[in-house]
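Here the structure is laid out as structure tokens; the discussion comes afterwards.
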Amino acid sequence: MNRRTVLALTVGAALLASGCTGTGGSAQGADAEAPDDPSEVSGTITVLTHRTDLVQDGTMKKYAAEFRRTYPGVRVEFDAVTDYEGEVKIRMNTENYGDVLMIPGVIEKKDYPRFFASLGSRAERSEKYRFTDYTTVGGKVYGQSPLGAVPGFVYNKRVWQRAGVTGWPKTPAEFLAGLEAIKERTDAVPYYTNFKDGWPLTQWTQVNGSVSCDERATTRLAEGNPWAEGSDLRTADTLLYDVVRRGLAEKDPTTTNWEASKARLAKGEIATMWLGSWAVIQLRGAARQAGANPDDIGFMPFPAQRDGRFCAVALPDYNQAVNIHSDHKAAARAWIDWFTDESGYAEDNLALSPLKDDPLPGVLEPYEQAGVKLLDLDDSKGAEVKSIDNASEVGINKPDYRQDLVDLARGATEGSLDDFLDGLARKWTETRKSLGS
């Protein structure tokens with residue numbers, strides 16, 4: 001996965017001031033029904049994708065060729081977009097935005113019926129698929145992610161073992177003690193923030209739900225104070241602050257480099273980074289390129305347990321949708337169904353399958369063996385959370401506030417952690433009340 005995929009795993013990470021007006025009009029409410037007979041489906045469809053890498057190396061062409069074995073009358077063409085969010089937002093002011101596309105984060109959830117054809121009811125699709133809440137409007141589902149990921153710490157097992165830590169920390173205090181041991185007993189940087197690139201800091205919001213082990217964690221953001229004592233986000237932000245405050249992160253976070261950090265962690269120069277299961281395949285690839293052992297790359301959950309058990313949330317990648325103006329809705333729907341169910345795309349990326357009955361990917365086998373509970377968050381109030389976040393200008397899925405948090409922790413700015421978090425809480429709750437949430 002590339003950086004754009006990572007941003008997509010954070011729900012609404014790329015949320016911008018929407019300038020999309022669309023021309024939904026009379027098409028609004030259209031359905032893209034699943035075809036009954038593949039031989040009767042025909043047409044050439046254009047699939048917009050952010051996976052420029054897979055188009056360039058021919059991988060997507062191979063998927064299309066395999067798809068055509070089932071749907072011989074359908075030809076699939078790919079339009080790989082480098083600045084996906086920015087360019088597709090502009091295209092969606094017209095009717096010409098492909099037949100299949102990844103739903104840009106800029107599009108407000110309430111507007112999905114204006115731009116996309118329904119894939120069916122939530123009641124039906126949720127029995128088979130994960131992530132249906134994220135694109136449900138009025139009981140209908142308007143998109144489906146072909147893969148998912150789980151947040152966690154990507155770490156170098158050899159470095160942690162050399163420091164004497166062999167088990168996963170169960171509390172923030174144990175985690176900090178582990179980093180202290182790495183600092184004392186190895187030459188590795190215990191934790192790397194990737195401060196300069198910014199987007200890795202947004203991944204910390206994905207702790208939400210893990211500490212409380214609560215599938216309604218998103219609802220609680222819409223209805224309460226995200227930084228209340230003991231809350232998921234306060235716990236996460238406090239841990240990040242403590243890591244930096246104690247000198248357990250890189251000395252100068254303003255000079256970090258994401259691409260370089262992958263090789264450094266693979267070689268054991270960095271011990272730990274908070275990212276997600278999507279990163280494991282990248283880090284193992286970096287290990288091979290650096291002549292290091294890919295098996296050194298491990299993955300652990302956030303250090304918190306509920307009733308003696310770790311919890312972690314399952315989050316979708318970009319959701320594929322059918323353009324409501326497409327002249328080939330049946331073919332477009334066929335592609336989405338096949339790509340989700342049959343392509344092996346999730347398995348090829350060592351990612352979490354959107355199919356509930358599928359086994360966990362190999363990178364999550366340690367989670368399965370340890371009994372980590374995976375949570376499918378209820379996103380029915382996800383749109384309200386976005387509205388509060390935008391109006392309050394807190395930016396829970398933007399890097400700014402956590403860059404400010406890191407600056408506070410390293411002494412680049414003055415103030416206390418409690419005042420900082422309480423200030424965020426005040427902005428959030430006052431905005432929530434003003435919006436009537």
Side-chain angles (χ1 to χ4, degrees), residues 9-13 15 105 108-110 122 126 130-137 139 145 148-152 171-172 201-241 274 276 301-316 372-398 400-402 405 417-437:
L9 287 171
T10 303
V11 180
L15 192 65
E108 290 280 356
K109 193 174 181 180
K110 66 180 181 347
R122 179 196 176 280
S126 63
R130 295 181 184 271
F131 314 131
T132 53
D133 273 354
Y134 291 90
T135 61
T136 296
V137 181
S145 176
V150 174
T171 65
L201 288 171
T202 69
Q203 306 293 286
W204 280 85
T205 293
Q206 295 174 13
V207 173
N208 193 48
S210 296
V211 177
S212 58
C213 202
D214 184 3
E215 292 188 337
R216 291 178 55 79
T218 302
T219 301
R220 304 205 184 287
L221 293 182
E223 297 177 347
N225 172 9
W227 293 275
E229 288 296 331
S231 67
D232 294 62
L233 290 189
R234 194 178 191 100
T235 300
D237 289 338
T238 298
L239 179 57
L240 176 59
Y241 175 90
W274 174 261
F302 189 83
Q305 290 191 328
R306 181 59 59 108
D307 298 325
R309 189 178 188 183
F310 290 107
C311 295
V313 298
L315 296 168
V372 177
K373 182 178 180 180
L374 293 188
L375 306 175
D376 289 309
L377 295 185
D378 176 357
D379 195 59
S380 58
K381 291 206 171 184
E384 291 181 35
V385 171
K386 282 187 177 182
S387 296
I388 297 169
D389 194 38
N390 284 343
S392 68
E393 299 183 342
V394 168
I396 59 173
N397 291 308
K398 296 176 183 177
D400 305 65
Y401 103 67
R402 287 201 178 87
L405 177 64
L417 175 63
D418 285 342
D419 286 346
F420 180 84
L421 298 181
D422 290 344
L424 294 175
R426 187 163 49 253
K427 289 171 66 177
W428 185 277
T429 54
E430 288 177 356
T431 301
R432 177 177 57 78
K433 291 175 182 177
S434 70
L435 294 176
S437 298

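Every heavy atom of this structure was used, including side-chain atoms; hydrogens, water molecules and symmetry mates were not. If you're wondering where the values come from, they're calculated on a predicted model, not measured in any experiment.
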For residues 306-314, which side-chain N or O atoms pair as donor and acceptor with protein atoms under 3.5 Å away, sequence neighbours left out?
unit_1: Arg309; atom_1: NE; unit_2: Gly371; atom_2: O; d: 2.6

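Using a 4.5 Å heavy-atom cutoff, the side chains of Asp379 and Lys109 are in contact. You'll find the side chain of Leu405 stays beyond 4.5 Å of the side chain of Trp204, heavy atoms only. Looking at heavy atoms from C-beta onward, Val207 lies out of side-chain contact with Thr235 at the 4.5 angstrom threshold. Looking at Asp133 and Asp376, their side chains never come closer than 4.5 Å, going by heavy atoms from C-beta outward. At least one side-chain heavy atom of Cys213 sits under 4.5 Å from a side-chain heavy atom of Lys373. No side-chain heavy atom of Asp232 sits under 4.5 Å from any side-chain heavy atom of Trp227. A heavy-atom distance below 4.5 Å is found between the side chains of Tyr134 and Leu377. Lys381 is not listed as a side-chain neighbour of Arg216, based on a closest heavy-atom distance of 4.5 Å or more.
Ring geometry, Phe420 versus Tyr401: the interplanar angle falls from 30° to 60°, so the pair is classed tilted.
In terms of heavy atoms, Gly224 sits closest to Arg432 at O-NE, 3.3 Å. When all heavy atoms of Leu375 and Gly209 are compared, the closest pair comes out as CD1-O, 3.3 Å. Of all non-hydrogen atoms in Gly395 and Asp389, the two that sit nearest each other are N-OD1, 2.8 Å. Between Leu374 and Val150 the shortest heavy-atom distance is CD2-CG2, 4.0 Å. For Leu421 against Thr238, the heavy-atom pair with the smallest separation is CD1-OG1, 4.0 Å. When all heavy atoms are compared, the tightest approach of Leu315 to Phe131 is C-CE2, 3.5 Å.
Here Asp422 pairs with Arg234 under the side-chain hydrogen bond (donor to acceptor under 3.5 Å, both in side chains) rule; sequence neighbours left out.
The structure places CG of Leu201 at 10.0 Å from CG of Asp400, a figure rounded to the nearest 0.5 Å. Taking OG1 of Thr202 as the reference point, atom CZ of Arg402 lies at 7.5 Å (rounded to 0.5 Å). Note that CG of Leu221 is 6.0 Å distant from CG of Leu233, once rounded to the nearest 0.5 Å.
A donor-acceptor pair is defined here as one N or O able to donate and one able to accept, closer than 3.5 Å; no such pair exists between the side chain of Thr431 and the backbone of Ile388. Within the 3.5 Å criterion, the main-chain N or O of Ile396 finds a donor-acceptor partner in the side chain of Thr205.
Judged by distance alone, the side chains of Arg220 and Ser212 never bring a donor and an acceptor atom under 3.5 Å apart.
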